[in-house]
A.B. asks: 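Got a structure for you, questions after.
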Amino acid sequence: MFDYPIFEMPFIGHRLLFAFDAILHVFISHGAAVGGSIILVLSQWLAIKNNDAKLDALSYKILFTFFILATAVGALTGIGIWIHINIINPAAIGALLRVFFWKWLIEWIVFNVEMILLLWLFLIWKKHSLGTPGKKKVYKLLVSYAVASWFTMAIITAILGFMMTPGNWLVSYFPAKPDYLASLLNPSWFPSLGFRTFWSIAWAGSMAMVLSYFFTRDDLELRKKAMRLYGAVLLGCIPFIIAFGAWYYAQFPQAAKELFWMGMVTRRFAGNPEYATYVTVILSALVLLGAITFYTKPKQAPLFLGIIMLIGSMGLIGGFERVREFVRKPYIIYDYMYANGVRVADVPYLNKTGYLKHAAFVPPEFREVTDENRLVAGKYLYQMQCRYCHTVNGINSVKARTKGMSEEAIYHRIGSLNSPATPFMPPFTGTDDERKALAAYLASLAEQTPANVYKQKLDEVSK
Ligand code: HEC
């Protein structure tokens with residue numbers, strides 16, 4: 001059942017490792033590709049309509065920057081996501097691939113088409129100047145590129161939506177008679193797609209404004225035109241972001257709504273949910289301050305307001321992704337699979353027969369807990385059920401979380417991981433012997449000071 005090798009990420013842990021890559025990817029894919037292409041379609045349309053060579057040249061410079069970002073950082077972090085999810089949670093990615101196989105394959109093909117269109121666009125843009133018939137071809141290519149990038153986001157959003165709200169797919173009978181359509185049309189897909197689409201455009205608008213600032217240093221009239229255009233796009237998106245965001249939130253399962261505030265402020269400040277409001281208001285104010293000043297005073301607005309606007313946008317986007325991941329806990333696929341890869345339906349069976357017994361990558365001598373192998377068996381249990389969110393000594397360290405607790409107290413705590421105090425943790429899965437082994441291992445961590453570990457190593461060498 002758990003037939004994947006164990007990968008442990010020391011110190012920073014899986015969650016942070018993944019978050020770095022995934023959020024960077026979102027900045028680029030949503031900004032430079034999806035939102036960026038839509039913004040460029042708009043400014044190209046205006047440039048062609050008004051025969052405006054300067055706007056055309058500015059659009060090319062923005063395209064050039066987006067092109068570098070999308071093909072270098074975007075594509076690389078995208079591959080990074082595949083590598084990370086496969087080593088972090090292969091059970092979950094396996095489940096998602098079974099449900100979304102054809103859709104994902106189509107997404108991958110369209111992504112390749114998207115990259116080819118972008119390259120092609122980039123290569124022929126300068127060959128066809130405004131007013132020539134070739135320019136129309138370039139414009140059509142740009143529109144196709146925008147459609148392709150939006151399409152890839154639509155599919156990935158369906159998968160993300162499915163992880164939080166699998167909807168009717170859950171009641172269909174998998175694998176014999178699954179309702180594949182229900183997995184795609186899951187309740188949060190459409191609202192979350194609308195939400196992402198509009199903030200991608202707004203985010204690309206803020207990037208385009210800051211880029212325009214640099215590209216129009218010696219032409220303030222052009223700067224004014226660009227700031228008015230991209231600023232209007234950004235501000236115009238706001239009502240849609242709010243409306244789709246509220247609709248999206250309404251689809252969250254009740255338990256996820258209850259985790260919303262903690263997701264925003266982290267558990268340490270869970271007693272002060274108002275901090276979440278403060279942070280959101282401050283970040284939004286930064287965005288608005290930058291956008292409105294650039295819009296109303298395009299020629300005078302200083303660069304630092306643009307930088308502040310980018311920081312505010314990035315804070316809001318990163319915060320949203322964090323909350324979305326957090327509120328889905330303890331699940332990775334809601335009501336179907338826990339964050340640690342254990343399927344909900346298998347828990348009673350594993351509790352009865354034993355968890356380690358089914359762990360193909362655990363050496364056979366540790367699949368049954370005995371007095372001799374207790375600590376090592378406990379370590380395997382930690383690695384297979386807890387390391388998704390904890391590290392031993394680093395961030396969210398399990399050693400710190402059990403500090404000062406006796407082995408007995410740890411044993412009791414393991415029995416109530418999914419209690420109302422910590423509803424984001426999956427329950428421990430396994431027999432009573434396994435639970436004791438995990439408690440023994442966690443209690444033994446307190447002894448593991450660097451000096452002790454060193455001494456142990458010395459003893460081993462001298463043996
Ligand atoms: C889905 C992620 C996740 C998994 C899996 C997980 N934990 Fe946790 N655990 C957390 C988070 C988040 C906290 C709270 C950290 C904080 O207080 O900031 C936590 C806190 C704890 C605490 C302290 C509880 C308290 O009351 O303060 C203990 C003990 C603990 N975890 C043990 C475990 C053990 C043992 C496992 C494996 C069987 C495990 N956790 C699996 C996310 C997880």
Side-chain angles (χ1 to χ4, degrees), residues 2 6-9 12-19 85 88-89 91-92 163-164 255-256 258-272 275 322-344 347 350-351 354-356 359 369 375 377-446:
F2 308 107
I6 297 166
F7 167 78
E8 226 187 323
M9 181 70 213
I12 68 166
H14 287 210
R15 295 193 307 170
L16 203 60
L17 174 71
F18 188 65
I85 51 183
I88 292 173
N89 206 332
M163 290 168 80
M164 168 112 77
E258 281 158 21
L259 280 179
F260 191 77
W261 295 107
M262 195 193 286
M264 283 184 90
V265 296
T266 76
R267 184 161 175 244
R268 187 174 310 175
F269 303 110
N272 300 79
Y275 289 1
R322 184 196 134 79
V323 170
R324 184 184 57 73
E325 281 292 320
F326 188 82
V327 299
R328 201 184 53 226
K329 301 291 175 304
Y331 303 104
I332 187 125
I333 302 172
Y334 225 90
D335 287 334
Y336 174 73
M337 185 183 281
Y338 287 117
N340 55 14
V342 177
R343 277 191 308 205
V344 178
V347 171
L350 294 171
N351 283 346
Y355 177 98
L356 287 172
V369 178
L375 285 184
K379 182 171 179 181
Y380 277 119
L381 285 163
Y382 159 77
Q383 286 181 326
M384 297 185 76
Q385 290 193 35
C386 319
R387 53 123 191 171
Y388 293 87
C389 312
H390 291 283
T391 63
V392 176
N393 285 307
I395 289 171
N396 203 7
S397 134
V398 84
K399 186 172 164 185
R401 299 272 169 256
T402 51
K403 198 172 173 188
M405 288 165 83
S406 66
E407 190 173 323
E408 171 123 13
I410 296 176
Y411 168 82
H412 282 294
R413 191 67 181 87
I414 293 173
S416 63
L417 291 179
N418 188 237
S419 66
T422 48
F424 41 79
M425 271 195 274
F428 170 75
T429 305
T431 60
D432 194 55
D433 270 348
E434 288 176 332
R435 185 170 146 192
K436 281 182 184 144
L438 177 58
Y441 166 69
L442 293 178
S444 78
L445 292 178

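Just follow the structure's listing: the first ligand is 1, and inside any ligand the first atom is 1.
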A.B. asks: So is A421 in contact with ligand 1, going by heavy-atom distances below 4.0 Å?
C.D. replies: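 Flag not set, A421 not near ligand 1.
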
A.B. asks: Taking the N/O/S atoms of H390 one by one, which is nearest to atom 8 (Fe) of ligand 1?
C.D. replies: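 The atom in question is NE2.
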
A.B. asks: State, to 0.1 Å, how close V369 and E434 come at their nearest heavy-atom pair, and which atoms those are.
C.D. replies: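 Looks like CG2-CG, 3.9 Å.
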
A.B. asks: Can you tell me which residue and heavy atom of the protein come closest to atom 17 (O) of ligand 1, and the distance to 0.1 Å?
C.D. replies: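 Atom 17 (O) of ligand 1 sits closest to the protein heavy atom R267 NH1, 2.6 Å.
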
A.B. asks: Starting from atom 28 (C) of ligand 1, find the nearest protein heavy-atom neighbour and note its residue, name and distance.
C.D. replies: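 Its nearest protein heavy-atom neighbour is R401 CB, 4.0 Å.
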
A.B. asks: Considering T429, T422, I395, T402, which one's heavy-atom position lies nearest to atom 29 (C) of ligand 1?
C.D. replies: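 Comparing heavy atoms across T429, T422, I395, T402, the nearest one to atom 29 (C) of ligand 1 lies in T402.
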
A.B. asks: Among all protein heavy atoms, pick the one closest to atom 34 (C) of ligand 1 and tell me residue, atom and distance.
C.D. replies: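 Going atom by atom, the protein heavy atom closest to atom 34 (C) of ligand 1 ends up being C386 SG, 3.4 Å.
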
A.B. asks: Out of all atoms in ligand 1, which are within 4.0 Å of some heavy atom of P426? Include the element for each.
C.D. replies: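 What qualifies from ligand 1 is 1 (C), 4 (C), 5 (C).
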
A.B. asks: In terms of heavy-atom contacts, does NZ of K329 have more than 12 from other residues, nucleotides or ligands at under 6.0 Å?
C.D. replies: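 Yes, because the 6.0 Å sphere around NZ of K329 holds more than 12 heavy atoms from other groups.
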
A.B. asks: Is S397 reaching over with its side chain to a backbone N or O of A400, donor-acceptor style, under 3.5 angstrom?
C.D. replies: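 Checked: pair present.
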
A.B. asks: For F424, which part has a heavy atom under 4.0 Å from ligand 1: side chain, backbone, both, or neither?
C.D. replies: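 Looking at F424 and ligand 1, atoms from backbone and side chain both fall under 4.0 Å.
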
A.B. asks: Check each heavy atom of L417 against ligand 1 and say whether those closer than 4.0 Å belong to the side chain, the backbone, both or neither.
C.D. replies: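 It is the side chain that touches ligand 1; the backbone stays farther off.
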
A.B. asks: For atom 1 (C) of ligand 1, find the nearest protein heavy atom and state the residue, atom name and distance (0.1 Å precision).
C.D. replies: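 That would be C389 SG, 2.7 Å.
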
A.B. asks: Near E8 CD, under 6.0 Å, is it more than 12 heavy atoms from other residues, nucleotides or ligands?
C.D. replies: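 Atom CD in E8 is crowded, with more than 12 foreign heavy atoms closer than 6.0 Å.
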
A.B. asks: From M425, does some N, O or S atom reach closer than 2.8 Å to atom 8 (Fe) of ligand 1?
C.D. replies: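 Yes, within the cut-off.
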
A.B. asks: Determine whether any heavy atom of T266 lies closer than 4.0 Å to an atom of ligand 1.
C.D. replies: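 Distance cut 4.0 Å: T266 fails for ligand 1.
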
A.B. asks: Between R435 and T429, do the side chains contain a donor N or O and an acceptor N or O under 3.5 Å apart?
C.D. replies: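 Per modelled atom types, T429 and R435 side chains form no pair under 3.5 Å.
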
A.B. asks: With side chain to side chain contact (heavy atoms under 4.5 Å, CB included) as the test, pick out the partner of F428 among N418, L417, V347, N351.
C.D. replies: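 Checked N418, L417, V347, N351 against F428; only one passes side chain to side chain contact (heavy atoms under 4.5 Å, CB included): L417.
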
A.B. asks: Using a 4.0 Å heavy-atom cut-off, say whether N396 meets ligand 1 through its side chain, its backbone, both or neither.
C.D. replies: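 Side chain only.
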
A.B. asks: Side chain of K436, backbone of D432: donor and acceptor closer than 3.5 Å?
C.D. replies: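 No; zero donor-acceptor contacts below 3.5 Å.
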
A.B. asks: Just by modelled atom types, is the K399 backbone N or O under 3.5 Å from a matching donor or acceptor in the N393 side chain?
C.D. replies: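 Flag not set: sc N393 to bb K399 has no pair under 3.5 Å.
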
A.B. asks: On a heavy-atom basis, which atom in G341 and which in A91 lie closest, and how many Å separate them?
C.D. replies: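 The pair with the smallest heavy-atom distance is O-CB, 4.0 Å.
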
A.B. asks: Would R322 pass as a cation-pi partner of F326, given that its NZ or CZ must be under 6.0 Å from the six-membered ring centre and within 45 degrees of the axis?
C.D. replies: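 Satisfied, under 6.0 Å and within 45°.
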
A.B. asks: In terms of residue, atom name and distance, what is the protein heavy atom nearest to atom 24 (C) of ligand 1?
C.D. replies: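 Answer for atom 24 (C) of ligand 1: R413 NH2, 3.4 Å.
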
A.B. asks: For Y334 and R328, work out which heavy atoms get closest and say how close.
C.D. replies: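 What the structure gives for the nearest pair is CE1-O, 3.7 Å.
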
A.B. asks: Which of the numbered atoms in ligand 1 are under 4.0 angstrom from any heavy atom belonging to K329?
C.D. replies: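 Every atom of ligand 1 under 4.0 Å from some heavy atom of K329: 1 (C).
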
A.B. asks: For R413 and I410, run side-chain contact (heavy atoms from CB on, under 4.5 Å): C-alpha distance rounded to whole Å, both residues' side-chain angles, the deciding distance at 0.1 Å, then the answer.
C.D. replies: CA-CA 5 Å; R413 191 67 181 87; I410 296 176; 5.5 Å; no

A.B. asks: Heavy-atom distances under 4.0 Å are what count here, so tell me which part of A339 touches ligand 1: side chain, backbone, both or neither.
C.D. replies: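 Side chain only.
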
A.B. asks: With a cut-off of 4.0 Å, which atoms of ligand 1 are near a heavy atom of Q385?
C.D. replies: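 The list of qualifying atoms is 5 (C), 37 (C), 41 (C).
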
A.B. asks: So, is Y388 polar-close to ligand 1, with some N/O to N/O distance under 3.5 Å?
C.D. replies: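 N/O-N/O distance below 3.5 Å does not exist for this pair.
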
A.B. asks: Heavy-atom distances under 4.0 Å are what count here, so tell me which part of I410 touches ligand 1: side chain, backbone, both or neither.
C.D. replies: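 It is neither; nothing of I410 touches ligand 1.
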
A.B. asks: For ligand 1, which atoms, with element, lie under 4.0 Å from some heavy atom of L442?
C.D. replies: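 Listed by number with element, the hits are 35 (C).
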
